[in-house]
2 protein chains.
Amino acid sequence: MSIRNPKQALYEQFATVAKALGHPLRLEMIEHLAQGARSVEALAAKLGQPIANISQHLQALRRAGIVSAERDGKFVHYSLADDSVLSAFASVRGVAERQLAEVDRIVRGYFDARDDMRPVTRDELRAMMRDGLVTLIDVRPADEFALGHVPGAINVPLREVKAWSAGTDASREVIAYCRGPWCVMSFEAVAALRSLGHSARRLEDGMPEWKAAGLPVEVVTCVASL
Amino acid sequence: MSIRNPKQALYEQFATVAKALGHPLRLEMIEHLAQGARSVEALAAKLGQPIANISQHLQALRRAGIVSAERDGKFVHYSLADDSVLSAFASVRGVAERQLAEVDRIVRGYFDARDDMRPVTRDELRAMMRDGLVTLIDVRPADEFALGHVPGAINVPLREVKAWSAGTDASREVIAYCRGPWCVMSFEAVAALRSLGHSARRLEDGMPEWKAAGLPVEVVTCVASL
DNA sequence: TCGTCATTCAATCGTTCTGTTGAATGACGA
DNA sequence: TCGTCATTCAACAGAACGATTGAATGACGA
């Protein structure tokens, strides 16, 4: 059957997009690209994968219209083609969260006592920040923080959380956020802070969702490149 | 690497869902199941596929939490597990429509003169229906019509459109709808009616989207089973 | 209990996807 | 023009997927 009717041809295109989303590594790449444009090399370093492998997955994503490439000298910077990519990712995640018991099991098993971990909503956070009640920390690496962060947030990369907390008032509540709703970094930051006697909670979602919600973003403009 | 950290495990689950959406036949199955629950046999007949093939694809969808099965005597009725499935489908479609030139090419090539085909929005339709200005036809097969249709719509399956139009006032505008935004039936119905001198347009989207929008649906309750 | 029938399972083969390797490309700077 | 370096291409083996076939399961009615 190489003759296809238009309906089948369309479904093949839709399936192309879904298929491109159907690989854990590519989903992780999308989450990273949602923080900002990245070169192949930078992305490979972040994910701990061979460059050629990342390059091929990027091209799979590009063929599906999920990312776009822009050449800049020696480097090719990839970024998400469209905000609709994030909403597609969110929809797929929503189905998995709602329907797959395995997701629930993983969440309960690894992110222990998730009820205690009830996240702060964006609206709650904004009210708290207005009232100056809490300290907001962005636990992503510095380069991602520089590309855009929640106004008023302090950059405390995950590795530095312990050291940072030693110098702060343990009675003040800390809110942590990172790349997205299932990014482990903010979970771990909260766990670390609590084990040190701090009061800490997570922000729901992460930076891309904050931006997508149309909320203000602060950018560090003059930073020495890492 | 059989040891996975929780993050990778979660991404694998999300990828499972996306992978399940990554096959044209499964997408077509989802569109049919969005009209209402179906047995394996009925779905196979609708799609012109071997039963075993459909059964296997249904199980792939079930493993991904996309459809759910309910046994009823000899038959197993499958239906969409959740409304979030339709929104995931819509998101994926959105990415494809926005980013893949191929989609645009197919639409332009086969659904000729799409500008003339500007669809009627749901709100426009409701206003037109209130004023009694138009005739609304549902061009899906009778069984799908029976399971739910837009109030005031007449069921005119695609094959019967020509015969039906002969007995109607050609000056009255006809609005056609079917299964969804890329279901070809309403395109073809409009083309047929226009070639016969009628004024005809499509409704945007189809029945599942109408229902998802929270608009009223009429069901035929006492119908001889087909 | 037994036959019937819708559905699922199991086994098969051909195709596509994945990750790895090493070579090719293409832009920059000397 | 030539070397350098980021990226991509090409080719391979191993794994997963897809369609088909025929047998097995499980519920119904006699």
Side-chain angles (χ1 to χ4, degrees), chain A residues 1-4 8 11-13 15-30 32-33 37-64 66-79 225-226, chain B residues 1-4 8 11-13 15-30 32-33 37-64 66-79 225-226:
Chain A
M1 278 248 192
S2 78
I3 287 273
R4 303 188 305 271
Q8 286 173 320
Y11 277 123
E12 274 175 32
Q13 297 301 311
T16 298
V17 173
K19 215 179 294 183
L21 293 174
H23 191 288
L25 183 54
R26 288 196 288 265
L27 290 178
E28 211 173 339
M29 291 166 65
I30 289 172
H32 279 274
L33 291 178
R38 291 268 178 278
S39 67
V40 180
E41 192 183 26
L43 203 53
K46 289 253 181 207
L47 299 176
Q49 288 283 325
I51 291 178
N53 193 8
I54 294 295
S55 174
Q56 295 198 152
H57 280 298
L58 280 170
Q59 280 168 76
L61 289 171
R62 195 172 50 171
R63 276 193 298 275
I66 289 173
V67 305
S68 58
E70 194 180 344
R71 177 142 221 150
D72 176 20
K74 286 190 199 176
F75 297 80
V76 177
H77 289 282
Y78 283 88
S79 51
S225 79
L226 298 176
Chain B
M1 279 245 192
S2 78
I3 288 275
R4 304 187 305 272
Q8 286 173 319
Y11 277 122
E12 272 174 33
Q13 297 302 309
T16 298
V17 174
K19 214 179 295 183
L21 294 174
H23 192 289
L25 182 54
R26 286 195 289 262
L27 290 178
E28 210 173 340
M29 290 166 66
I30 289 171
H32 278 274
L33 291 179
R38 292 268 177 279
S39 67
V40 180
E41 190 183 28
L43 202 54
K46 289 255 180 204
L47 298 175
Q49 290 282 325
I51 291 178
N53 193 9
I54 294 295
S55 173
Q56 296 200 152
H57 281 297
L58 280 170
Q59 280 167 78
L61 289 172
R62 195 173 49 169
R63 276 193 299 272
I66 290 174
V67 306
S68 58
E70 195 179 345
R71 180 142 217 147
D72 176 21
K74 286 190 199 177
F75 296 82
V76 176
H77 291 281
Y78 283 88
S79 51
S225 79
L226 298 175

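Lettering follows sequence order; numbering is per chain, from 1.
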Rounded to the nearest 0.5 Å, how far apart are [atom1] of [X] and [atom2] of [Y]?
{"X": "A:Lys19", "Y": "B:Leu21", "atom1": "NZ", "atom2": "CG", "value": "12.0 Å"}
{"X": "A:Glu12", "Y": "B:His23", "atom1": "CD", "atom2": "NE2", "value": "9.0 Å"}
{"X": "A:Leu61", "Y": "A:Gln59", "atom1": "CG", "atom2": "CD", "value": "10.0 Å"}
{"X": "A:His77", "Y": "A:Glu70", "atom1": "NE2", "atom2": "CD", "value": "8.0 Å"}
{"X": "B:Ile54", "Y": "B:Glu28", "atom1": "CD1", "atom2": "CD", "value": "8.5 Å"}

Q | For DNA chain C, the residues among residues 68-79 of chain A that have a non-hydrogen atom under 4.0 Å from it | A | A:Arg71, A:Gly73
Q) When you check the phosphate oxygens OP1 and OP2 of D:dT7, does a side-chain N or O of A:Ser55 lie under 4.0 Å from one of them? A) no
If every non-hydrogen atom of [X] is compared with every non-hydrogen atom of [Y], which pair is closest and at what distance?
{"X": "B:Val67", "Y": "B:Leu58", "value": "CG2-O, 3.8 Å"}
{"X": "B:Leu33", "Y": "B:Arg38", "value": "CD2-CB, 3.8 Å"}
{"X": "A:Ala64", "Y": "A:Thr16", "value": "CB-O, 3.9 Å"}
{"X": "B:Arg26", "Y": "B:Ala20", "value": "NE-O, 2.7 Å"}
{"X": "B:Met29", "Y": "B:Leu43", "value": "CE-CD2, 4.0 Å"}

Between the protein and nucleotides 17-21 of chain C, which nitrogen or oxygen pairs are less than 3.5 angstrom apart?
residue : atom : partner : partner atom : Å
C:dT18  : OP1  : A:Arg26 : NH2          : 3.0
C:dG19  : OP2  : A:Asn53 : OD1          : 3.4
C:dG19  : OP2  : A:His57 : NE2          : 2.5

To the nearest angstrom, how far is [X] atom [atom1] from [N] atom [atom2]?
{"X": "B:Glu41", "N": "C:dA6", "atom1": "CD", "atom2": "P", "result": "5 Å"}
{"X": "A:Leu58", "N": "D:dA6", "atom1": "CG", "atom2": "P", "result": "16 Å"}
{"X": "B:Arg63", "N": "D:dG18", "atom1": "CZ", "atom2": "P", "result": "10 Å"}
{"X": "A:Leu61", "N": "D:dT8", "atom1": "CG", "atom2": "P", "result": "12 Å"}

**Q.** Canonical and wobble pairing (Watson-Crick, G-U, under 3.5 Å) of DNA chain C, dot-bracket with |
**A.** ||||||||||||||||||||||||||||||
Q: Examine distances only and state if a side-chain atom of A:Arg71 and a backbone atom of A:Gly73 form a donor-acceptor pair shorter than 3.5 Å.
A: yes
